[in-house]
Number of protein chains: 2
Amino acid sequence: MISISRLDTTAADFRQALDRLIAWDVATDDAITAAVAGILADVRSRGDLALLEYTRRFDHIEAPNIANLTLDPQELTGALMALPAEERLALELAAQRVRTFHEHQIGEDWSFEDEHGSRLGSRVTTLDRVGIYVPGGQAAYPSSVLMTVIPARVAGVREITVTVPTPKGVKNPLVLAALAIGGVDRVYTIGGAQAIGALAYGTQSIGRVDKIVGPGGAYVAAAKRQVFGPVGIDSIAGPSEILVIADGSAPAEWVALDLFSQAEHDADAQSILLCPDASYIDAVASAMDRLIDGMRRQHIIRASLQRRGALVKTTDLNEAVAIANRVAPEHLELAVADPHALMSAVRHAGAIFLGSYSGETLGDYVAGPSHVLPTFGTARFASPLGVYDFQKRSSVIEISAKGASELARSARVIAEGEGLDAHARAAQARIRGIDHNRRE
Amino acid sequence: MISISRLDTTAADFRQALDRLIAWDVATDDAITAAVAGILADVRSRGDLALLEYTRRFDHIEAPNIANLTLDPQELTGALMALPAEERLALELAAQRVRTFHEHQIGEDWSFEDEHGSRLGSRVTTLDRVGIYVPGGQAAYPSSVLMTVIPARVAGVREITVTVPTPKGVKNPLVLAALAIGGVDRVYTIGGAQAIGALAYGTQSIGRVDKIVGPGGAYVAAAKRQVFGPVGIDSIAGPSEILVIADGSAPAEWVALDLFSQAEHDADAQSILLCPDASYIDAVASAMDRLIDGMRRQHIIRASLQRRGALVKTTDLNEAVAIANRVAPEHLELAVADPHALMSAVRHAGAIFLGSYSGETLGDYVAGPSHVLPTFGTARFASPLGVYDFQKRSSVIEISAKGASELARSARVIAEGEGLDAHARAAQARIRGIDHNRRE
């Protein structure tokens, strides 16, 4: 038997129960914040030496220098060659589909001419140097390598540096193979806050980058927050979640397995089902009970569903979408007969899966969009990781002589209103017929 | 006489001198970090009461409740009506041009169908609730109101909340007028970390928002960094800077005034000229000496140029562009006869001003692009504030029955490689012809 909350939207306390369920307390752990600040300062001042020490202490690797913490291209290619054909082909198919999807995201320049013959526009350029953090240990996923590296490659990043911890020196061959497929420039077997420090500040051996992306644990998240400013970061990742809206048209087992898929990540992961059909909710619950014992990670699934999962009876599908907008889930499955009818009302979700064939698992691995998505309600304001994370825009302003003369009059008035004298004079100098050297 | 560094790229120590000049030490002040953490925790737990207390303490305003710290729409409209016609028309022209420019940035949905009839795509939606911080006191600029509010409005944000401190209750009529022109939903005369806390967490009277944008001082920057995660932020703003590349074709006075314009913001602002023509550099220096005494803010200009300014002799224009790419300036003026020839090599700049008529001042006020730009080297990875800061994307995944059957085989292989059993089962369930309820 699975233990999971059952909620009903008509209950008087539903709103509070939902708020409790989806609360993400970012309560930054002061001890972690302080420890990370110390590590970052140390990496900044001592560089390589600090990296070697922390790697010894946290990952139990004795390395005399950074070269020993570097994976060379041959090792990556070797790992790829050594894979069973089935795994290699699956990763290569995934990579190709991720590439194809992300090619649609490459930014474009644009400009227009105004009535004075001035031209205004926007120019897209790509980041020079990107650092990608790949988690190690339990959560070392080759799919995450593809989902972060390939968008950066498609954007045209010149230099991609990857850090991936290998506790006790244990390397994950699938991760190495994925790095070979994705195509990266440098790989260091360094993790935690020390890796973020190395990427942000650079050391004697490791070049600093312009932006750091990729998920990590509490130390990595704290370090990203602390280095943010002079270096860019993608986001502070929270636990992973799925919200399924079902009308009863999908096999209950599929929905049960999709809820399990999310729950098996870790005990903080969240799986929620919204459905107006009480008997279908029962069918999903029965399927979960039936399937759970066959799951290898059933302990994690049980813990996650008990702590954070919920089966919610709604009055109708529209209410379910309204709740989804409030939750702003990372993954939103519309396991309904007519998903397009619902989608138009969806405002906040990292990825939307339409119809029961679009199981989240397919999106996690092979559909094409990156599976690095805004977690735990941040889809209210954030987007999936994409090519746009590795490109940026410059405004382009080309004012004609006539335009300058016209615009400078207004610019001068506003500048004077703001008390910015030099601004006003710089504008005035561009008004035709005014003696530039004489103060009026 | 102006005191400003003179550098030559052929000097042996040029690289170090440049690095020193452009160093932005983000060395977070521990005292500020701790004070801000205390204020945020207090606003979070006590809400309105904490806001009233901090506003009393820091802004010297006695307000019994938040209604007294609220600007009503009539007051904003009244400020607009009371402006001299010239100021009103200038602000309205600026607003119209900012609106026109940003309409080009509205995101578009796209999708494509793959070989199995599955459809993959991206959907653009707009943020519901945005908080805009407007600095008060000395640096309260109506232009900044337009440059932040209008992109949010063009994006279609449902609810824009503005906080603007009014120390000692002194309101800036131009700022109020700009708020009326921009069109905002709520304005609170609250500032500092307490304002950021109110926007991030909400209080009894103030609704929480999804993202907070806009520049502020050290406390505001620290607060934005600390609330980032569950709430979005735009960036951590550094001091403002300009880099001018000149070939001698522009009037030296124009370049001198453009360097002054940046320098007059504050003593941390940075103005750099790169030019291969030593005699033109002398002409700009002479113009600065001639013009400085006529500047109302000459003390700030002198301090800024002495601390952070530089006139740099380069070997040629290409080298100047290479240095600009290293600096990644907020504002890059190409005050040269053929700016397009140089622009193609520019990789990193917040805004690029082409030709000598395109003075930064025109971009600051009326050209159209937002003047909220990535500062101090962050143009390496960041973009101007734009409509895209107020919109986000959802990936859309619609897998056909045939596509599910094909893709699930690869997804299952990768999931098994990652040890994620439920993922593998969820994929397998979608392979046609497999009995969903039986474990193979």
Side-chain angles (χ1 to χ4, degrees), chain A residues 26 86 90 93 120 125 127 141 174 210-211 229-230 232 236 253-254 257-258 260-261 264 294 296 347 349 351-354 357-359 361-363 365-369 380-381 383-384 392-399 404 407 410-411 413-414 417-418 421-423 425-427 429 436 439, chain B residues 26 86 90 93 120 125 127 141 174 210-211 229-230 232 236 253-254 257-258 260-261 264 294 296 347 349 351-354 357-359 361-363 365-369 380-381 383-384 392-399 404 407 410-411 413-414 417-418 421-423 425-427 429 436 439:
Chain A
V26 74
E86 190 184 44
L93 173 73
L120 290 318
T125 46
L127 275 65
Y141 297 139
L174 278 165
D210 301 311
K211 185 171 182 174
I236 307 286
E253 290 78 10
W254 295 15
L257 287 167
D258 291 354
F260 281 1
S261 297
E264 79 174 332
R296 279 190 216 116
R347 290 206 315 282
I352 308 170
F353 296 78
L354 302 187
Y357 282 109
S358 307
T361 297
L362 302 183
Y365 294 118
V366 286
R380 288 178 293 118
F381 59 84
S383 301
K392 26 76 183 194
R393 299 173 176 88
S394 303
S395 298
V396 181
I397 298 172
E398 183 171 17
I399 306 292
L407 297 178
S410 297
V413 168
I414 305 176
E418 295 186 348
D421 191 32
H423 283 69
R425 292 291 307 279
H436 304 126
R439 183 103 193 223
Chain B
V26 75
E86 190 184 45
L93 173 73
L120 291 317
T125 45
L127 276 65
Y141 297 139
L174 278 165
D210 301 311
K211 184 170 182 174
I236 308 286
E253 291 78 11
W254 296 14
L257 287 168
D258 291 354
F260 281 2
S261 298
E264 78 174 334
R296 279 189 216 116
R347 291 207 313 282
I352 308 171
F353 296 78
L354 301 187
Y357 283 109
S358 307
T361 296
L362 302 183
Y365 295 118
V366 287
R380 288 178 292 118
F381 58 84
S383 301
K392 27 72 182 198
R393 299 174 176 88
S394 303
S395 298
V396 182
I397 298 171
E398 183 170 20
I399 307 292
L407 296 178
S410 297
V413 169
I414 305 177
E418 295 186 349
D421 190 33
H423 283 69
R425 293 290 306 278
H436 304 127
R439 183 101 195 226

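Model, not experiment: these values are computed from the prediction. These values consider heavy atoms only, across backbone and side chains, with no hydrogens, waters or symmetry-generated copies. Per chain, numbering begins at 1; letters A, B, ... match sequence-line order.
The candidate from B:Ala404, B:Gly363, B:Ser394, B:Ala349 with the greatest count of non-hydrogen atom pairs under 4.5 Å with chain A is B:Ser394. Taking chain B as the reference chain and counting heavy-atom pairs below 4.5 Å, the highest number among A:Arg347, A:Glu86, A:Lys211 is found for A:Arg347. Chosen from A:Ala427, A:Ser395, A:Ser383, A:Ser410, the residue pairing most often with chain B at heavy-atom distances under 4.5 Å is A:Ser395. Comparing B:Leu120, B:Leu127, B:Asp258, B:Leu354 by how many heavy-atom pairs each has under 4.5 Å with chain A, the most go to B:Leu354. In terms of heavy-atom pairs under 4.5 angstrom with chain A, the leader among B:Ala426, B:Ser261, B:Ala90, B:Ala351 is B:Ser261.
Contact record, B:Ile399 with A:Leu362: CG2-CD1, 4.1 Å, taken as the closest heavy-atom pair.
A heavy-atom distance below 4.5 Å is not found between the side chains of A:Phe260 and B:Arg425. At least one side-chain heavy atom of B:Pro369 sits under 4.5 Å from a side-chain heavy atom of A:Ile397. B:Tyr365 places a side-chain heavy atom less than 4.5 Å from the side chain of A:Glu418.
When heavy atoms are compared at a cutoff of 4.5 Å, B:Leu93 approaches chain A solely by way of its side chain, counted from C-beta outward. In this structure, chain A has a heavy atom under 4.5 Å from the side chain of B:Leu174, while its backbone stays farther away.
Atom OG1 of B:Thr361 is separated from atom CD1 of A:Ile414 by 11.0 Å, given to the nearest 0.5 angstrom.
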Could you walk me through whether B:Glu264 and A:Asp421 pass the side chain to side chain contact (heavy atoms under 4.5 Å, CB included) test, one step at a time? CA-CA 8 Å; B:Glu264 78 174 334; A:Asp421 191 32; 3.9 Å; yes
